[in-house]
Amino acid sequence: MEKLRRLDEAAAAGGGGDYRRLTRRLYPGLFVAVAGMRQGELKTDLDTAAFLYEEVGRAWSAAGDAPPDCERERPDTYRPLCLGPAGGSVRQLLLAKARLHARWAEAAVKAFRGAADGETSRLLSEMKAARAYDLLIAARVSETLKSLEEIVHTSPSYADYLEHRAEAKVSPEKLEAEFVGALGRAGALLGWLPRSPVYYHLSSARRSYGDGLFWYWKVHGSKKMVVSAAAGFERDPLQEMRLDAGRVGYTVVTNWKAAAKYTRLAEQSLAAVAR
């Protein structure tokens with residue numbers, strides 16, 4: 001908590017250079033310290049606050065003074081911050097979000113120590129309401145990513161993949177459209193979630209689907225050489241990288257199998273929280 005307070009004070013002072021120097025001293029140690037904590041609400045808010053305070057530093061040199069798009073923010077927690085006086089710029093909004101999660105973490109610590117004042121109770125009620133909405137958001141992300149399982153192949157072994165040589169159940173064009181839509185929706189919703197185990201599972205699932213899509217197009221380009229009267233044969237993208245098409249194709253399948261695994265882990269975490 002003390003390190004987060006130092007970051008907050010430095011951000012409030014308004015010096016981008018001083019703030020970035022402080023983040024270089026505190027990170028990645030701050031992330032490591034939070035990662036070693038026991039899973040729970042406190043860790044979730046500390047992890048999220050630490051992430052957001054780091055983003056504040058990045059925003060100082062990346063259009064942080066631009067106004068935020070409040071319509072894209074989470075309606076129950078972040079959008080009110082965005083529309084209020086504290087959210088006038090991208091950087092200010094990131095700082096307001098970080099402060100929100102830091103306040104929730106501090107309230108959790110105070111409650112653990114026996115505090116029962118009105119402000120602590122209010123913050124805990126606010127946090128619990130947000131966590132209930134987290135479950136709904138995470139369930140939507142899970143459903144969105146699971147829809148991609150229906151259009152890809154997940155061969156159980158390399159030998160099985162070599163026998164069928166199929167990565168997808170639909171055309172490349174349909175696969176691209178489905179992936180772009182689903183990964184875009186999932187990414188937007190993930191931006192609304194705090195850094196909990198469910199968030200990390202779903203983020204890993206989304207990343208694995210995206211990695212698989214990248215290599216899928218490499219394999220597809222290797223299979224289908226395009227002839228041009230002007231340029232002749234296009235070069236095989238896998239040959240240029242000295243990669244075997246069969247191995248890369250199975251890498252696609254492996255990525256998509258990993259995505260399904262992470263989605264299942266997220267569902268198990270959601271079920272455990274619901275109980």
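It should be emphasised that the depicted structure is a prediction, and the values quoted were computed from it without experimental measurement.
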Would the distance check show the side chain of Thr48 and the main-chain N or O of Arg195 forming a donor-acceptor pair, the cut-off being under 3.5 Å? yes

Ignoring hydrogens and geometry, is there a side-chain-to-backbone donor-acceptor pair from Lys169 to His153 under 3.5 Å?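 Checked: no pair found.
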
For [X] versus [Y], what's the shortest heavy-atom pair and its separation?
{"X": "Ala102", "Y": "Ala49", "value": "N-CB, 4.0 Å"}
{"X": "Ser155", "Y": "Lys257", "value": "O-NZ, 3.2 Å"}
{"X": "Met1", "Y": "Ala105", "value": "SD-CB, 4.1 Å"}
{"X": "Leu95", "Y": "Val56", "value": "N-CG2, 3.7 Å"}
{"X": "Arg103", "Y": "Leu123", "value": "O-CD1, 4.0 Å"}

If you look only at pairs with a residue in residues 44-70, which of them pass as a ring-ring contact (aromatic ring centres under 6.0 Å, His included), with sequence neighbours excluded? Tyr19-Trp60

Donor-acceptor pair between [X] and [Y] side chains, under 3.5 angstrom:
{"X": "Glu167", "Y": "Tyr161", "result": "yes"}
{"X": "Asp47", "Y": "Tyr200", "result": "yes"}
{"X": "Ser157", "Y": "Asp160", "result": "no"}

Identify whether NZ of Lys or CZ of Arg in Arg247 sits under 6.0 Å from the centre of the six-membered ring of Tyr158 and within 45° of that ring's axis. yes

Exactly one of Asp76, Thr77, Leu83 clears side chain to side chain contact (heavy atoms under 4.5 Å, CB included) with Arg79, and that residue is Leu83

Any idea how Trp104 and His101 line up, ring-wise: parallel (<30°), tilted (30 to 60°), or perpendicular (>60°)? perpendicular

Which of parallel (below 30°), tilted (30 to 60°) and perpendicular (above 60°) describes Tyr209 and Phe179?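 Perpendicular, since the angle between the ring planes exceeds 60°.
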
Is the shortest heavy-atom distance from the side chain of Leu30 to the side chain of Leu4 under 4.5 Å?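 Counting from C-beta outward, Leu30 and Leu4 do come under 4.5 Å.
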
Taking [X] first and then [Y], would you say they form a salt bridge - that is, a charged N and a carboxylate O separated by under 4.0 Å?
{"X": "Arg122", "Y": "Glu126", "result": "yes"}
{"X": "Glu119", "Y": "Lys110", "result": "no"}
{"X": "Glu149", "Y": "Lys146", "result": "no"}
{"X": "Arg5", "Y": "Glu9", "result": "no"}

State whether the number of non-hydrogen atoms from other residues, nucleotides or ligands found under 6.0 Å of Arg140 atom CZ is greater than 12.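 At most 12 heavy atoms, drawn from other residues, nucleotides or ligands, come within 6.0 Å of this atom.
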
So does Arg72 have more than 12 non-hydrogen atoms from other groups sitting under 6.0 Å from CZ?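 Count not over threshold, so no.
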
Could you work out, with side chain to side chain contact (heavy atoms under 4.5 Å, CB included) as the rule, every residue matching [X], not counting sequence neighbours?
{"X": "Glu150", "answer": "none"}
{"X": "Arg24", "answer": "Arg20, Arg21"}
{"X": "Asp134", "answer": "Arg74, Arg131, Leu193, Pro194"}

With a cutoff of under 4.5 Å between side-chain heavy atoms, which Ile, Leu, Val, Met, Phe, Trp and Tyr residues group with Tyr262?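 ILVMFWY cluster around Tyr262 also holds Leu265.
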
Quick one: ring pair (Phe, Tyr, Trp, His ring centres under 6.0 Å) partners of Phe31, sequence neighbours excluded? Tyr27

